Amino acid sequence: MKKILTMVAGALLLAASPQIMAQERENPFLKPYDTQYGIPPFDKIQVADFIPAIKAGIAEQDQNLWAITRNRAVPDFDNTILPLENLSPILERVAGVFFHYQDALSTPEFAEIADEAIPLLDEASNKVNLDEALFQRIKQVYDNRDKMGLNAVQKRVVEKYYRSFAEQGAALPADKKEELVKVNAELSKLFIQYNRNLLNATNSFYITVYDKEDLAGLPASSVAQAAEEAKERGLDGLWVFTLHAPSRLPVLQSADSRGLREAMYKGYTSLAFNGENSNVDVIKQIVKLRDQKAKIMGFDNFAQMMTSRVMAKTPEAASDLLLSVFEPAVKRSAEEVKDMQAYVDAHGGNFKIAPWDYYYYAGKVKAEKYDLDENEVREYFALDNVLKGMFDTAEKLWGIKMVPIKDAPKYIDDMQVYDVVDAKTGEHIAVWWCDYFPRASKRQGAWMEQLQSAGLFEDGKQRRPIVFNVGNFTRPAGDVPALLTLDEVETTFHEFGHALQAILSRAPYKSLAGTNVDRDYVEMCSQINEHWAFEPEVLKGYARHYKTGEPISDELIQKISNASKFNQGFMTTELAGAAILDLKYGETPEVEDVAAFEKKVADEIGMPEEITYRYRSPYFKHIFGSDGYASGYYTYLWAQVLEADAWELFKQKGIFDKKTAQSFKKNILESGDTEDPMVLFVKFRGHKPDAKALLRLRGLE
């Protein structure tokens, strides 16, 4: 899973402050950090610090909110809009770390305080977003924005705040606001329960292998990791596989044992469906409450409400895009299944391809067609080498250099912290850190967050961002380093693409900076960055065998290139299918049976029986773990249209063409939300996005 968490509109939704009781030890959140570049002092932060800091932040928010709304001066940009950018520095600091810990360090101790913290944060958010006096001041500035001598960027800030408050219900009558607060509170509790169930269900499932013969086909690194996992569980001499991606995917892709593959597949696709960690009832309640919320806000359904806020504008437009890609993808996937079935039949298999066979036999066909062994390729992608290639690429394209910060505070030992500097001048640009290995307290997937945005802060000074990438890759085992699959290499570059949009941002206000852009635009920067990972010129610089140090051969690079469009039918079908399922949930007022609803949608759109949705509902965290991508998962495909069209220009001009890179940096990476995204895209590309570029890129046209 690829996810972004951003501090939208600075501290707009979260804020807090002073009236601090004397304590024996100083709460690190209560004043600006005295660390280099303002990195959170993780070595000093304790779980017990969160609640007092959140409460202090709420007090600060209340005080500053009172100052704005009681100001008798005519509302303007400086006395109404600008203060919202830094409504509570305390709450902004504590919320950034809190939400990161919720995904990356959710220990039992932290989970306990989260039950108290989330309602406090929600209440603080509602207090701001539904404040009638504040909204009237914002509206007055909005109505008179053309008469105030504001520049274009300031006008956009005003328009964004007005739209954001209106979308949060600020324009509703009092009785509707009260209903909305209740619905939001219930949803928030359900999101907590959904995420906790998913984490617990993931951690509780494992497969123990007793017979070494059942490990046939698995890469040595996966076997070593499984042995290490078994040892940690007191099962020395056995092998344990879990649902975490570094354990699950090698089994599905490489295990010769069909029984082991089936057990892993069924374990994953039934994740959080049953038992004490079931998310089924949670999903039913979320769907029902979202429909109520949409109707309170004056929309026919939740999908209509959510799509109205982004580039698609309507569920129908989003659905049309999805189906235009889904149908040719399904057609291609049928050809892929036919090739796999032929392979099974030719090698004495007496069975029909099932979903748990797809990854495995796709690999067999790929190896036969392109003579490409994924396990062999993996030996050239040690994590440290991949990072080097990624950093070198960023330096060539964007003129930045990654310098390790050796003594930076860390919340876990194996994370790495870098000072991002201008390659020519050495000027500080950002802090970037990475946390790439799985643990029980971390959710699955990979994502990017910006802990501190670029922009104007409470002291009137511009600050540079603090950004991080998180993943779940196979840990080093013995003398074998962390070796990445091709998919994991792609993921690493993808999430760093998100980070680059935050790192390079030059937007003057936090609400416009970095990834604070429309949801169906934000994935463009991450997805285009994937392409450089496998360009021959780039591969030659970083892909080296972890044992011999030999660079990857031209022959192997050609095989990777030849196979690059392989299995695109499957990958596009499972992604588009999940996006259509998401929209259908948003158009449905109530769901009685989650599994039956999934099947109904699959039957309606013609989902092949060999392919499952990328995420089934109980572990579709994008859409049920929060409102982040709800009725918006389609945006990955829309962003892929933008990315495919943009990449065609790089391919035409040269992947390191200075003029093209400079234009992309200026108009896309640095601009944030300072202009309409379509305007910025056209400035770079010269025309509006061509949807067929995606079909061309994936070889589906």
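In this text, all values refer to a predicted model and were calculated from it rather than measured experimentally.
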Check: Hey, which of T573, L637, L575 is the one that makes side-chain contact (heavy atoms from CB on, under 4.5 Å) with V325?
Finding: L637

Next item on the list: Could you tell me whether K584 atom NZ has more than 12 heavy atoms of other residues or ligands within 6.0 Å of it?
Entry: no

Check: What are the two closest heavy atoms between V467 and A502, and how far apart are they?
Finding: CG2-CB, 3.7 Å

Note to self: For K293, is there an ion pair with D627 - N to carboxylate O distance below 4.0 angstrom?
What the structure shows: yes

Notebook entry, point to check: Quick one: OG on S188 to CD on E123, what's the gap to the nearest 0.5 Å?
Noted result: 11.5 Å

Note to self: Are F110 and F98, when compared by the centres of their aromatic rings, separated by less than 6.0 Å?
What the structure shows: yes

Check: Salt bridge or not for R309 and D518, using N-O below 4.0 Å?
Finding: no

Notebook entry, point to check: When rounded to the nearest 0.5 angstrom, what is the spacing between CG in D357 and NZ in K364?
Noted result: 12.0 Å

Checklist line | Validation row, ring centre Y633 to ring centre F620 under 6.0 Å | finding: yes

Next item on the list: Would you mind checking if E604 and K600 are paired as a salt bridge, meaning a charged N to carboxylate O distance below 4.0 Å?
Entry: yes

Note to self: Here's one to test your reading of the geometry: is the NZ or CZ of K266 within 45 degrees of the ring axis of W356 and under 6.0 Å from its centre?
What the structure shows: yes

Next item on the list: Determine, for R378 against D487, whether the closest basic-nitrogen to carboxylate-oxygen distance falls under 4.0 angstrom.
Entry: no

Item checked: Distance (rounded to the nearest 0.5 Å) between T202 OG1 and K621 NZ -> 10.0 Å

Checklist line | Worked verdict on I580 versus V601 for side chain to side chain contact (heavy atoms under 4.5 Å, CB included) | finding: CA-CA 8 Å; I580 293 169; V601 173; 4.2 Å; yes

Note to self: Main chain of A227, side chain of E232: is a donor-acceptor contact present, judged purely on distance under 3.5 Å?
What the structure shows: no

Next item on the list: Quickly, which of Y194, F205, F273, Y268 forms a ring-ring contact (aromatic ring centres under 6.0 Å, His included) with Y619? Name it, please.
Entry: Y268

Item checked: Residues E610, K352: salt bridge by 4.0 Å N-O rule -> yes

Item checked: Salt bridge D281-K284, side-chain N to carboxylate O under 4.0 Å -> yes

Notebook entry, point to check: Got a salt bridge between R616 and E598, using NZ or NE/NH1/NH2 to carboxylate O under 4.0 Å?
Noted result: yes

Check: Is R248 close enough and on-axis enough to F241, meaning under 6.0 Å and within 45°, for cation-pi?
Finding: no

Notebook entry, point to check: Using the benzene-type ring in the case of Trp, are the ring centres of Y101 and F50 under 6.0 Å apart?
Noted result: yes

Item checked: Salt bridge R258-E262, side-chain N to carboxylate O under 4.0 Å -> no

Checklist line | Euclidean distance, N203 CG relative to T242 OG1, rounded to 0.5 Å | finding: 8.0 Å

Item checked: Cationic N near anionic O, under 4.0 Å, E228 to K231 -> no

Note to self: Looking at D115 and K189, is there a salt bridge between them, counting it only when a charged N and a carboxylate O are closer than 4.0 Å?
What the structure shows: no

Check: Hey, is NZ on K288 packed in by over 12 heavy atoms from elsewhere, all under 6.0 Å?
Finding: no

Next item on the list: Determine whether more than 12 heavy atoms belonging to other residues, nucleotides or ligands lie under 6.0 Å from atom CZ of F351.
Entry: yes

Note to self: Set out, in order, the CA-CA distance, both residues' side-chain angles and the distance that settles ring pair (Phe, Tyr, Trp, His ring centres under 6.0 Å) for Y358 and Y265, then state yes or no.
What the structure shows: CA-CA 10 Å; Y358 208 109; Y265 176 85; over 10 Å; no

Item checked: Distance-only polar pair, side chains of E523 and S526, donor-acceptor under 3.5 Å -> yes

Note to self: Against the six-membered ring of Y359, is R261 placed for a cation-pi contact (under 6.0 Å from the centre, within 45° of the normal)?
What the structure shows: no

Checklist line | E276, CD: over 12 other non-hydrogen atoms inside 6.0 angstrom | finding: no

Checklist line | Polar contact flag, side-chain donor to acceptor under 3.5 angstrom, Q102-R443 | finding: no

Notebook entry, point to check: Which value, rounded to the nearest 0.5 Å, describes the distance between H622 atom NE2 and Y629 atom OH?
Noted result: 6.0 Å

Item checked: Working for side chain to side chain contact (heavy atoms under 4.5 Å, CB included), residues V470 and D103 -> CA-CA 10 Å; V470 186; D103 280 340; over 6 Å; no

Check: Judged by atom type as modelled, is there a donor-acceptor pair below 3.5 Å linking the side chain of D582 to the main-chain atoms of G632?
Finding: yes

Next item on the list: Measure the CG-CD distance between N279 and Q285 for me, rounded to the nearest 0.5 Å.
Entry: 10.5 Å

Note to self: Could you check whether any side-chain N or O of D49 sits under 3.5 Å from a backbone N or O of Q46, counting only pairs where one atom can act as donor and the other as acceptor?
What the structure shows: yes

Next item on the list: Flag the pair F437 / F473 as yes when their ring centroid distance falls below 6.0 Å, and as no otherwise.
Entry: no

Margin query: Would you say the rings of W432 and F496 are close, in the sense that their centroids are separated by under 6.0 Å?
Written below: yes

Next item on the list: Can you spot which of Y436, W433, F42 makes a ring-ring contact (aromatic ring centres under 6.0 Å, His included) with F468?
Entry: W433

